[in-house]
Amino acid sequence: MQLTVLTLAFAVGGLAQVTDSQIPFPNVTYPDAISPNPNAVLGAQTNQTSPPKYPSPWGSGSGEWAEAYRKAITIVEKLTLEEKVNLTTGSGWQQEQCVGQTGGVPRLGIRGQCLQDSPVGVRYTDFVSLFPAGINVGATWDRRLAYERGKAMGFENRDKGITVLLGPNAGALGRSPASGRNWEGFSPDPYLTGKLFADSIRGIQSTGVQACAKHYVGNEQEHFRQTPESRDYGFNITQPGSSNIDDQTLHELYVWPFADAVKAGVASVMCSYNLVNNSQACQNSYLLNHVLKSELGFQGYVMSDWQATAAGVPAILAGLDMTMAGDIRFGDGLSYFGPNLTIAVLNGTVPQWRLDDMVTRILAGWYLVGGDAEVPDPNFQSWTPDTFGAVHAHVGSSWGTGLVNQHVDVRREHGRLIREIGAASTVLLKNTHDALPLDGTARLTAVFGEDAGSNPNGPNGCRNHACDVGTLAVGWGSGQASSPYLISPDAAIQHEVVSRFGSYESITNNSAFTQINALARRVRDVAGVCIVFANADSGEGFANVDGNYGDRNNLTLWQGADAVIANVSATCNNTVVVIHSVGAVEIDQYKENPNITAILWAGLPGEQSGYAIADVLFGRVNPGAKLPFTMGRNRSDYGADVLYLPNQEVPQYNFQEGVFIDHRGFDHRNVTPVYEFGFGLSYTTFNYSSLTVEKLDVADYKPTAGTSGPAPTYGTIDNDTSAHTFPKNITRIPLYVYPWLNSTNLSEAYGAANFGDNSFIPEDALNGSSFEHPPPSGPNGGNQGLWDILYHIRVNVTNTGHIIGDEVPQLYISLGGPYDPKIVLRGFERVRIDPGKTLQVTFPLARRDISNWDTDLQDWVVSQHVKTVYVGSSSRDLPLSVVLE
Ligand SMILES: *[C@@H]1O[C@H](CO)[C@@H](O)[C@H](O)[C@H]1NC(C)=O
Ligand SMILES: *[C@@H]1O[C@H](CO)[C@@H](O)[C@H](O)[C@H]1NC(C)=O
Ligand SMILES: *[C@@H]1O[C@H](CO)[C@@H](O)[C@H](O)[C@H]1NC(C)=O
Ligand SMILES: *[C@@H]1O[C@H](CO)[C@@H](O)[C@H](O)[C@H]1NC(C)=O
Ligand SMILES: *[C@@H]1O[C@H](CO)[C@@H](O)[C@H](O)[C@H]1NC(C)=O
Ligand SMILES: *[C@@H]1O[C@H](CO)[C@@H](O)[C@H](O)[C@H]1NC(C)=O
Ligand SMILES: *[C@@H]1O[C@H](CO)[C@@H](O)[C@H](O)[C@H]1NC(C)=O
Ligand SMILES: *[C@@H]1O[C@H](CO)[C@@H](O)[C@H](O)[C@H]1NC(C)=O
Ligand SMILES: *[C@@H]1O[C@H](CO)[C@@H](O)[C@H](O)[C@H]1NC(C)=O
């Protein structure tokens, strides 16, 4: 490994990490990963820069935000400096009930915001549901189910008193299959993710709870995402890793779903731990000020990931609105915001308009979804399961105890929806000799594999689910939630077989080979069925499981499952393999094995896992799911990989594959997948016919031009520093982050040496007179012309089999340019069709769908290249095509 020392233009670990320094892009060596073909991605590897963009755009309350802004402004006008600062700053790690909690305004009865993980439910409390993971929603390709799941999770969060649900997740998008948190999101395809991300947000926000679109952006691996965490596993890096992303890839791939989120009205966005182009994602003015708040016209607020804020003033001027969990390092009681923000406003380093904009955005997010009317106060405490306990967990019982957990059961009948999604997300990859569905008449049904069974320590036997024991229903980290119960496949299939008076045996010990082989033989002798369960896990980088620091070390199955499959299938000629995994696994060897008659990928189905797989195995549900990612032969098939060893003091993740991740990369490099993106079988068959194009009469695209009006300010600020010190009559909780100063002397209140230097302030950052509207910009999701529907493409889909079934017709386009993917997904719809019946499906094609990002024009353009539309049942089964005029 070659370590090149990179001289950074900022000091280590402090405020002086000036935003957007133009750091030369270093030469990167990949110690452990594959070397991509240097000729493969011309055009997508250059221009990995984040140029400075100031000032930070102030929200205008456009469109559906108008009423929310009006309400917010009425409040902001009345607030004092401290009250404003309070709303932007977390109270500190474990100081209040929620995983993140801002200060409130007691004087006006405004509560602090309660922010809580996770994208699969409610983390750190009881009597909540464990929903299927994002990757399963991806596999459903079903926008209705994405919405319903979002809504159900919204209700559960709301009833616990949570105002902001920290999800859904579209970053990690899924650049490399081994990346630890891919499963929290939907798919490495930006179009599929964009639709399901937006529908999830609409569902969540329909309940009065704000969604948080995360992690913005380039958070594509766990290794080196945080410096303290990396030191824990032996790497003394000086800054988090930098995702180096060119501007075209940024727009066409990683930001794409965030545009859908903004269009869907998402209230908040979480910026990520990593750097992008060597500038902290949470103080990268190009990403926050320019792309998010100008181009996409985002009217809500940006919060940091927990401990991802690396500076105060520079981050605020670059577009960060809220810091989480509020303190600099977990529990240190210091803050880049809090008193530091009060000081920065008093000394003129942060203009009042910027603070007012931060607070307006935060309150508007709350009003947008009706959170003020809908959400009760928190009735749980994240930091203890006990009913009574410390109110401020971080400082212990001496600062107050009481009833902290009311154990409110918020689940309703969500188990039904969870089961439905579980079955609807199970992908049938192989089915020979009509092995499935099972009709329940097998002489002997045998289930094998640890993954079929329960964790002997209980469904929540490992903190944060950071272990792989028993069946895998969710990955680990902040993206999980506790399970109210977990129906194991063993229990569900046994019940199914026994209720039909059949014979059933299971072995969930993966090293009991004598017993495994003996049972497989008995099944063969009576022509029964063997079902082997296998899994592969991953999660967030703060915990490691079996030496996997979030990211997976390999793409093989865990728990020794390959040996179980090999043993069973060597004997049992009717072996069904079921995989619970966070993403792609190496299963090439099972595809052609004649004794393996069926393969199912069931992802991470949540609490109803066993019932959901039984529904599919026994044919109550006809599988209609499609792979939301590509199953390759091995990791080198993917063309982009996790960086496991630092290549610089600041690790450089060079996204040199550009837009060619997952299926686009397989197509581009001519690699044949084991099972392609979009693939999935059914118990019936479908036929495609009559592809037609209707060109709609739409006005030409008009690039946006001009500038905004001046930044508004609300209320006045008392410049006398003595008006901002701690009031005498309050009890100060130690290490709690308050907005007040502990001295009338600002330098003393600041409390560190480097006070008074303002040389880092970028040009125009304090200028509140106007900001420019770039060509692709517009309110709530960008230039409206990008969302105009230009074409309706129609196709007939016929169910040619004998049972009702779901199909997902998919539309792909070749945009035709030399650096374009061979095809990109631009339409899909999950439909249910009766046997013998034909359904017409209409795909609306928006201007954005046929555009490319032009780095010179800094706008979307429809290129002159010929555009061909393909329709079919997977990314490699596209029988129909037509050229667009
Ligand atoms: C990268 O390496 C090449 C050849 O080794 C050298 O010419 C170039 O100057 C290097 N670039 C940087 C930014 O170090
Ligand atoms: C800030 O919020 C905290 C916690 O809600 C509260 O105790 C404090 O009084 C608030 N400060 C102001 C100035 O309202
Ligand atoms: C980590 O690296 C920094 C800067 O290179 C150095 O100052 C520090 O001593 C190192 N810490 C350890 C534990 O090696
Ligand atoms: C203000 O921020 C600086 C770092 O920028 C930090 O050293 C100092 O402790 C902070 N002050 C307070 C009161 O949190
Ligand atoms: C892959 O990682 C898993 C989990 O750490 C481990 O159980 C398995 O043995 C590894 N596979 C190989 C081939 O080393
Ligand atoms: C398939 O099973 C039969 C026994 O039923 C066995 O003889 C044969 O070797 C197996 N084939 C493979 C590829 O394992
Ligand atoms: C398995 O082998 C048995 C006995 O040789 C045979 O009757 C049966 O059809 C085979 N099953 C499959 C699925 O090939
Ligand atoms: C103003 O306050 C900020 C934040 O506390 C500090 O970083 C900066 O150095 C101060 N500038 C002046 C000129 O006092
Ligand atoms: C490079 O990207 C920046 C924005 O990141 C853009 O302003 C500039 O025009 C691009 N340059 C080229 C040559 O594409």
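We count ligands from 1, going down the list as the structure has it; atoms in each ligand are counted the same way. All residue numbers refer to positions in the sequence shown, counting from 1.
Counting heavy atoms closer than 4.0 Å to ligand 4, residue A752 contributes side-chain atoms (C-beta onward) but none from N, CA, C or O. The proximity of N340 to ligand 4, defined as any non-hydrogen pair under 4.0 Å, is limited to the side chain. Neither the backbone nor the side chain of A311 comes within 4.0 Å of ligand 4, counting heavy atoms alone.
The six-membered or imidazole ring of Y233 lies near that of H223, with a centre-to-centre distance under 6.0 Å. With ring centers used as reference points, F629 lies under 6.0 Å from W601. Ring centers of F224 and F235: under 6.0 Å apart, within the cut-off.
Which parts of ligand 4 touch Y336 is read off a 4.0 Å heavy-atom cut-off, strictly below it: atoms 4 (C), 5 (O). Listed by number with element, the atoms of ligand 8 under 4.0 angstrom from any heavy atom of N347 are 1 (C), 2 (O), 3 (C), 8 (C), 10 (C), 11 (N), 12 (C), 14 (O). In summary, the atoms of ligand 8 found under 4.0 Å from a heavy atom of D757, numbered by their order in the structure, are 9 (O). The contact set between ligand 8 and I343, taken as ligand atoms under 4.0 Å from a residue heavy atom, comprises 2 (O), 5 (O). Those atoms of ligand 8 that come under 4.0 Å of a heavy atom in N758, given as number and element, are 8 (C), 9 (O), 10 (C), 11 (N), 12 (C), 13 (C).
Ligand 4 is approached by A749 to a heavy-atom distance shorter than 4.0 Å. Ligand 4 has no atom lying under 4.0 Å from any heavy atom of G312. G756 counts as a contact of ligand 8, since one of its heavy atoms falls under 4.0 Å from the ligand.
Considering every non-hydrogen atom in both S176 and E220, the closest pair reads OG-O, 4.1 Å.
Of the N or O atoms in Y750, one or more lie within a sub-3.5 Å distance of an N or O in ligand 4.
Comment: D332 does not engage R329 in a salt bridge, judged by the lack of any side-chain N to carboxylate O separation of less than 4.0 angstrom. Salt-bridge annotation for E540 and R181: present, with a side-chain N of the basic residue lying under 4.0 Å from a carboxylate O of the acidic one.
In the model, Q559 has no side-chain atom that pairs as donor or acceptor with a side-chain atom of D451 under 3.5 Å. For the 3.5 Å distance criterion, the side chains of T716 and D718 fail to qualify, holding no donor opposite an acceptor.
Note that the CD atom of Q280 and the OG1 atom of T309 stand 9.5 Å from one another [nearest 0.5 Å].
Partners of D356 by salt bridge (charged side-chain N to carboxylate O under 4.0 Å, His left out), not counting sequence neighbours, listed by chain and number: K84.
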From CA spacing to verdict: side-chain contact (heavy atoms from CB on, under 4.5 Å), L472, H465: CA-CA 9 Å; L472 184 69; H465 280 108; over 6 Å; no

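Within 4.0 Å of ligand 5, counting heavy atoms only, the contacting residues are D546, N548, N554, T556, W558.
Contact annotation: the side chain of D641 approaches that of R635 to within less than 4.5 Å [non-hydrogen atoms, C-beta and beyond].
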